[in-house]
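What follows is a set of notes on a single structure, which appears directly below.
No experiment lies behind these values; they were computed from the predicted model shown. In listed order, ligands and their atoms are each counted from 1.
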Amino acid sequence: MEFDLIHRYFKTPFGELAQANPDSVLLGIGDDCATLRILPNHHLFTSTDTLVEGVQFFSDDPSSVIGWKALASNLSDLAASGASPLGFTLNLSLPKIDENWLAGFSAGLLDIATRFNCPLVGGDTTSAGSNPLKTLSITVFGQAPASHLGFNRAHAKIGEEVWLSGTPGLARLGLLLEYQRRGRLEQLCKGHELPQVQALLAAMPAQLRQIAVSQLGMPVPRIELGLQLRGLASACLDLSDGLSGDLAHISNSSGVSAVLFQSSLESMWRNCWPEIDQHADAAQLLKTLLMQTWRGGDDFELCWTAHPKHHSAIQSLGDDLTCVGVIETGREIWVQSPSAGRTRVASLSYNHFAEVPN
Ligand code: ADP
Ligand code: MG
């Protein structure tokens, strides 16, 4: 039964992708170990992530979206390290065998695995016993030339610029929309924040809503950007818990402050919401948007620091890359605005043990 299931949803559909990589996948699904070969003079990079039903995904999320996101979050870690994908393993703990769910999950997973040429090489499938919730865990493997040691969070230096890809905060807007749709918005926004968020969601154009929901469910890991940033970025990480907390990792590890310009963060939002200034309360809307960037969530965009001499080389890599600040002495995160000067940003990030939804 278990082997039948592994064959149907994993070994067979993913076989072609493994065969398309004969130089790296020497042995895939079906044996005790998978055997992967990395290129000469390369280092192996690995990362793992777990998704629990009801915590990292909703029980009624389409399983194809869950499959996509499970691998996307792992590929994003490779992206943040400047590594290229080699393959991944999948551990599934299921309360029961739900063929429809598995078919969708396998299809979503194959979709993203194929797009990033990352073959499934093994895993484990177990019964969750009396636990009614699904748990999935993926471990990804990647490689990079030995000369590139990854982007260390401790490598940010005073005078460097701080960059963001995409629009971090969009995924949180998607999450807010999903909670609103389920009549549970109050669980995410407390007190005075609730009416501000409600006004924001009401003002969002339909197209931006779609982009936000897709950023939440089907984020595209920035693998290509990570490779392009080799030799340009010093510190880099992917944003999975909100900019304030993720930037604090760089600040703490490197022993530096990050000063972010409010105007740069606002122009980042204007890029994906150009009509925002037509609203009478545009200033408040932008303020609420910035709050979503600080709090954030599963955006899987990259945040990195780089010497200013690399500014134009980095800018030429994409229209959606924004230089948002600078690294200074200290150990804090600041936001600077022409009117209010500098304000310290407290960590507002997602805390896995504090904000578990019911
Ligand atoms: P063993 O117990 O000998 O490790 P298993 O019975 O757990 O082997 O799995 C048989 C084969 O199927 C192994 O190659 C394993 O890597 C693979 N496998 C099991 N579950 C999955 C899964 N969810 N996805 C991909 N491969 C899997
Ligand atoms: Mg086993």
Side-chain angles (χ1 to χ4, degrees), residues 1-38 44-78 83-143 217-219 221 223 300:
M1 187 65 175
E2 175 193 331
F3 295 107
D4 189 37
L5 193 136
I6 295 168
H7 262 267
R8 204 153 1 121
Y9 296 110
F10 302 110
K11 188 171 166 66
T12 306
F14 284 82
E16 207 175 302
L17 186 56
Q19 281 159 19
N21 288 278
D23 293 338
S24 51
V25 184
L26 304 186
L27 201 55
I29 297 175
D31 263 272
D32 292 310
C33 281
T35 313
L36 300 179
R37 175 161 58 196
I38 62 172
L44 179 69
F45 288 66
T46 184
S47 177
T48 193
D49 261 315
T50 299
L51 278 76
V52 179
E53 180 177 348
V55 183
Q56 278 82 16
F57 62 90
F58 293 110
S59 301
D60 60 352
D61 278 342
S63 57
S64 58
V65 169
I66 298 167
W68 174 286
K69 191 165 172 178
L71 183 54
S73 66
N74 279 272
L75 286 170
S76 177
D77 289 329
L78 289 184
S84 54
L86 263 179
F88 72 103
T89 58
L90 165 71
N91 291 356
L92 277 180
S93 163
L94 304 171
K96 61 178 171 40
I97 295 172
D98 177 343
E99 303 268 349
N100 276 339
W101 192 91
L102 277 165
F105 177 78
S106 164
L109 194 64
L110 182 59
D111 208 1
I112 183 166
T114 306
R115 176 154 168 186
F116 289 95
N117 193 30
C118 188
L120 176 61
V121 297
D124 201 19
T125 307
T126 60
S127 158
S130 58
N131 177 355
L133 302 173
K134 301 180 187 74
T135 305
L136 357 151
S137 188
I138 283 184
T139 301
V140 77
F141 304 96
Q143 63 184 339
M218 298 186 69
I223 289 287
F300 302 115

- [ ] Just jot down the ligand 1 atoms closer than 4.0 angstrom to any heavy atom of T125, in number order.
- [x] 19 (C), 20 (N), 21 (C), 22 (C), 23 (N)
- [ ] Considering non-hydrogen atoms only, spot the tightest contact between D23 and R37 and give its length.
- [x] O-NE, 3.1 Å
TODO: Could you pull out the closest heavy-atom pair between I223 and A83, with the gap in Å?
DONE: CD1-O, 4.2 Å
- [ ] With heavy atoms of D32 as the reference, note each atom of ligand 1 found under 4.0 Å away.
- [x] 3 (O)
Open item on the list: Please check whether I29 reaches ligand 1 - meaning an N/O of the residue sits under 3.5 Å from an N/O of the ligand, judged on distance alone.
Closed with: no
TODO: Ignoring hydrogens, just give me the one of L90, V121, D31 whose non-hydrogen atom is nearest atom 13 (C) of ligand 1.
DONE: D31
Open item on the list: Below a 4.0 angstrom heavy-atom separation, can you tell me which part of N91, side chain or backbone, both or neither, approaches ligand 1?
Closed with: neither
- [ ] Tell me, please, whether W101 has K96 positioned over its six-membered ring: NZ or CZ under 6.0 Å from the ring centre and within 45 degrees of its axis?
- [x] no
Open item on the list: Once you measure the plane-to-plane angle for F14 and F88, does it fall in the parallel (<30°), tilted (30-60°) or perpendicular (>60°) bin?
Closed with: perpendicular
Open item on the list: Less than 4.0 angstrom from a charged side-chain N to a carboxylate O is my criterion; do D4 and R8 meet it?
Closed with: yes
Task: Distance-only N or O hit between ligand 1 and I6, under 3.5 Å - done: no
TODO: Determine the minimum heavy-atom distance between L78 and P85, stating which atoms define it.
DONE: CD1-CA, 3.7 Å
- [ ] Measure T89 to ligand 1 on non-hydrogen atoms and call it side chain, backbone, both or neither using the 4.0 Å cut-off.
- [x] neither
Open item on the list: When you measure from the heavy atoms of F3 to every atom of ligand 1, does any distance fall below 4.0 Å?
Closed with: yes
